[in-house]
**Q** 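I have a structure I would like to understand better, so I am pasting it below and will then ask my questions one at a time.
A note on names: the letters A, B, ... follow the listed sequences, proteins ahead of strands, and every chain is numbered from 1.
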Number of protein chains: 2
Amino acid sequence: MIQAISLPTDDKLLNVQTLKASCAACSMHQLCLPMGLADADIDRLDKIIGRRRRVARDEPLYRKGDPFRNLYAVRFGHFKTYQVNAAGETQITGFQMAGELLGMDAISSECHHCDAVALEDSEVCEIPFGNLEELFGQVPTLLRHFHRMMSNEITREQNAMLLLGNMRAEQRFAVFLVNKSARYAARGYSPTQFALRMSREDIGNYLGLTIESISRLLSRFKKMGLLTIDKREVTLLDPARLKALAAGTEQCSPMA
Amino acid sequence: MIQAISLPTDDKLLNVQTLKASCAACSMHQLCLPMGLADADIDRLDKIIGRRRRVARDEPLYRKGDPFRNLYAVRFGHFKTYQVNAAGETQITGFQMAGELLGMDAISSECHHCDAVALEDSEVCEIPFGNLEELFGQVPTLLRHFHRMMSNEITREQNAMLLLGNMRAEQRFAVFLVNKSARYAARGYSPTQFALRMSREDIGNYLGLTIESISRLLSRFKKMGLLTIDKREVTLLDPARLKALAAGTEQCSPMA
DNA sequence: CGCGTGGTTGACCGATATCAACACTTGTGG
DNA sequence: CCACAAGTGTTGATATCGGTCAACCACGCG
């Protein structure tokens, strides 16, 4: 019921939602769940994939407490996922882009543990998890790749812990930019020019910093000739130096 | 070869290592991988489980870069896992106790991404992952529970991100204590009296704080009547208040 | 046009890190 | 047995990074 609220209701969109996704035809199939599958197995996966679903900007894909039935693969657009604790503090735990999987944290308890919200108008494939489990028994390659994706998620979060626990503001932000750059590159986009899809506030929350700190970091990086920024459009001017900052092998003086 | 260095070499221990583990007889089987399996399926799991392996205090179970062949289930003792980045900064990403699984982050790349070190003399079951994958096809309940365990790990780390990104020192430490308490309770031990197996330094690193901060927090909590501490032996005197601190619904003044 | 939202910049503050001294325990070797 | 060193933990003084508060700007929208 909660999910229904988030669905656009005009005819065109409803129409799209009834389309079945096709992994074979999807530009993300080399990054997404079907990675490495033989054509015949992709067809079997296609058969169980549910409808596509559009999610408008700022609308939830799912909310904490929603029953878990599907994983979601991002077709296009961007999402953020965040935790909210008892005291109302929130922590953004990740930003997801095309080809990435949402909802794996919910498998353990059959309801979602975090909120997932679209950062822009986006589309996902619904993957009914029960059907996926059945298919695992028939397509070992699929199971193996699914385990890889879960394992990757664990590693990604361990790196986020390292960032939040050990790094200083400037290094955190450099890591963030380098990571975005690499992920766009993997999708065939420019590694040096891209739009931040999220607000300064979201970036700050994700990195354990305030919106003011992000704003100051952007100004400082700009002054240092590392990047240019126009609204949310970033151009990385010195990716090598940025990588050095991210790796911690170089630092810039606090107020230079 | 690296692993061999960590193996105690006296006869008694070598002898133990040749023993096959038995899940059916293991006191942890209700928490560990075999949770919820029928007896017949536990037997099938037993057949693939490798040797037991003892790991002495401060010795590694595996190191970053070691080839990934096995998951490990802790039989007794405690471990820590930590990430090291290019600049040599380390972040402890978790403390594992009996019944918990180690190595799931390595599935994606076939080599380990972090170091796992014993906090005290400990024993693990080796679970050859290749054999486990074969068994998944035959025992769907096992696969389902394995997915739950991976998903739990993801959720656990998301909570750690919330802690590191949003909470103040006193709340972080309260969360740490309450979490330890709950995990000992789940294993049939006292939720109010237990030994910290790790140094102040390890606690600090895990919580993104310094050793001095941990020391001061312990003194403060002691002064507030929340606990007593003798070396590493903790007694929680006011678990309810501690839980309130952990939830963020109560605070204590910085220097009261 | 005014208003709201998002972003930038400056001044100041405070929680926690850093630095330093000291206490206690453990292990080692004479 | 003691002397000594190394490791671990505690406590105090001070420094600093990033948070907080506040003013202001730019843009989009009704």
**Q** May I have the distance from I229(B) (atom CD1) to dG9(D) (atom C1'), rounded to whole angstrom?
**A** 11 Å

**Q** Indicate whether any N or O donor in one side chain lies under 3.5 Å from an N or O acceptor in the other, for N152(A) and R156(A).
**A** no

**Q** Tell me, do D121(A) and R54(A) make a side-chain contact under 4.5 Å, heavy atoms counted?
**A** no

**Q** When the distance from CZ of R220(B) to P of dT16(C) is rounded to whole Å, what number comes out?
**A** 8 Å

**Q** Which is it for E157(A) and T93(A) under the side chain to side chain donor-acceptor pair (under 3.5 Å) test, yes or no, and what are the steps along the way?
**A** CA-CA 8 Å; E157(A) 282 170 10; T93(A) 51; 5.6 Å; no

**Q** Has R187(A) got a side-chain atom pairing as donor or acceptor with A98(A)'s backbone, closer than 3.5 angstrom?
**A** yes

**Q** Only pairs under 3.5 Å count here: list side-chain donor-acceptor contacts from residues 202-214 of chain A, not counting sequence neighbours, and write none if there are none.
**A**
residue: D202(A); atom: OD1; partner: K80(A); partner atom: NZ; Å: 3.2
residue: D202(A); atom: OD2; partner: K80(A); partner atom: NZ; Å: 3.2
residue: N205(A); atom: OD1; partner: I92(A); partner atom: N; Å: 2.7
residue: N205(A); atom: ND2; partner: T90(A); partner atom: O; Å: 3.1
residue: N205(A); atom: ND2; partner: T90(A); partner atom: OG1; Å: 3.3
residue: T210(A); atom: OG1; partner: S213(A); partner atom: N; Å: 3.3
residue: T210(A); atom: OG1; partner: S213(A); partner atom: OG; Å: 3.2

**Q** To the nearest Å, how far apart are R232(B) CZ and dT10(D) P?
**A** 10 Å

**Q** State, to the nearest 10°, the angle formed by the axis through the first five base pairs of the helix from dC1(C)-dG30(D) to dG30(C)-dC1(D) and the axis through its last five.
**A** 30°

**Q** In whole Å, I'd like the distance from the CG atom of N166(A) to the P atom of dG18(D).
**A** 13 Å

**Q** OP1, OP2 of dG7(C) versus side-chain N and O of R216(A): anything below 4.0 Å?
**A** no

**Q** Could you check whether any side-chain N or O of R53(A) sits under 3.5 Å from a backbone N or O of L61(A), counting only pairs where one atom can act as donor and the other as acceptor?
**A** yes

**Q** Under 3.5 Å between N/O atoms: give me all the protein pairs with nucleotides 23-30 of chain D, atom names plus distance.
**A**
none

**Q** With sequence neighbours left out, which residue pairs that include part of residues 226-235 of chain B fulfil the salt bridge (Lys or Arg N to Asp or Glu O under 4.0 Å) condition?
**A** none

**Q** Take the angle between the ring planes of Y189(A) and Y184(A) and call it parallel below 30°, perpendicular above 60°, tilted in between.
**A** perpendicular

**Q** Between atom CG in L196(B) and atom C1' in dT8(D), what is the gap in whole Å?
**A** 14 Å

**Q** Check every atom of dT16(C), dT9(C), dT10(D) against the side chain of R168(B) and return the nucleotide holding the closest atom.
**A** dT16(C)

**Q** Please report, rounded to the nearest Å, how far the C1' atom of dT10(D) is from the NZ atom of K223(B).
**A** 12 Å

**Q** Given atom CG of L119(B) and atom P of dT8(D), what is their separation to the nearest angstrom?
**A** 13 Å

**Q** Got a sec, which residues hit side-chain hydrogen bond (donor to acceptor under 3.5 Å, both in side chains) with S215(B), two or more places apart in sequence or on another chain?
**A** none

**Q** Parallel, tilted or perpendicular, judged at 30° and 60°: which one describes the rings of F176(B) and F95(B)?
**A** perpendicular

**Q** Give the residues of residues 199-213 of chain A touching DNA chain D, defined as any heavy atom closer than 4.0 Å, sorted by residue number.
**A** G208(A), L209(A), T210(A), E212(A), S213(A)

**Q** Determine, using ring centers only, whether F221(B) and F173(B) are less than 6.0 Å apart.
**A** yes

**Q** Determine the contact category for R172(A): base if any of its heavy atoms lies under 4.0 Å from a base atom, sugar-phosphate if only primed atoms, P, OP1 or OP2 are that close, otherwise nothing.
**A** nothing

**Q** Without decimals, in angstroms, what is the distance between L217(B) CG and dT11(D) P?
**A** 12 Å

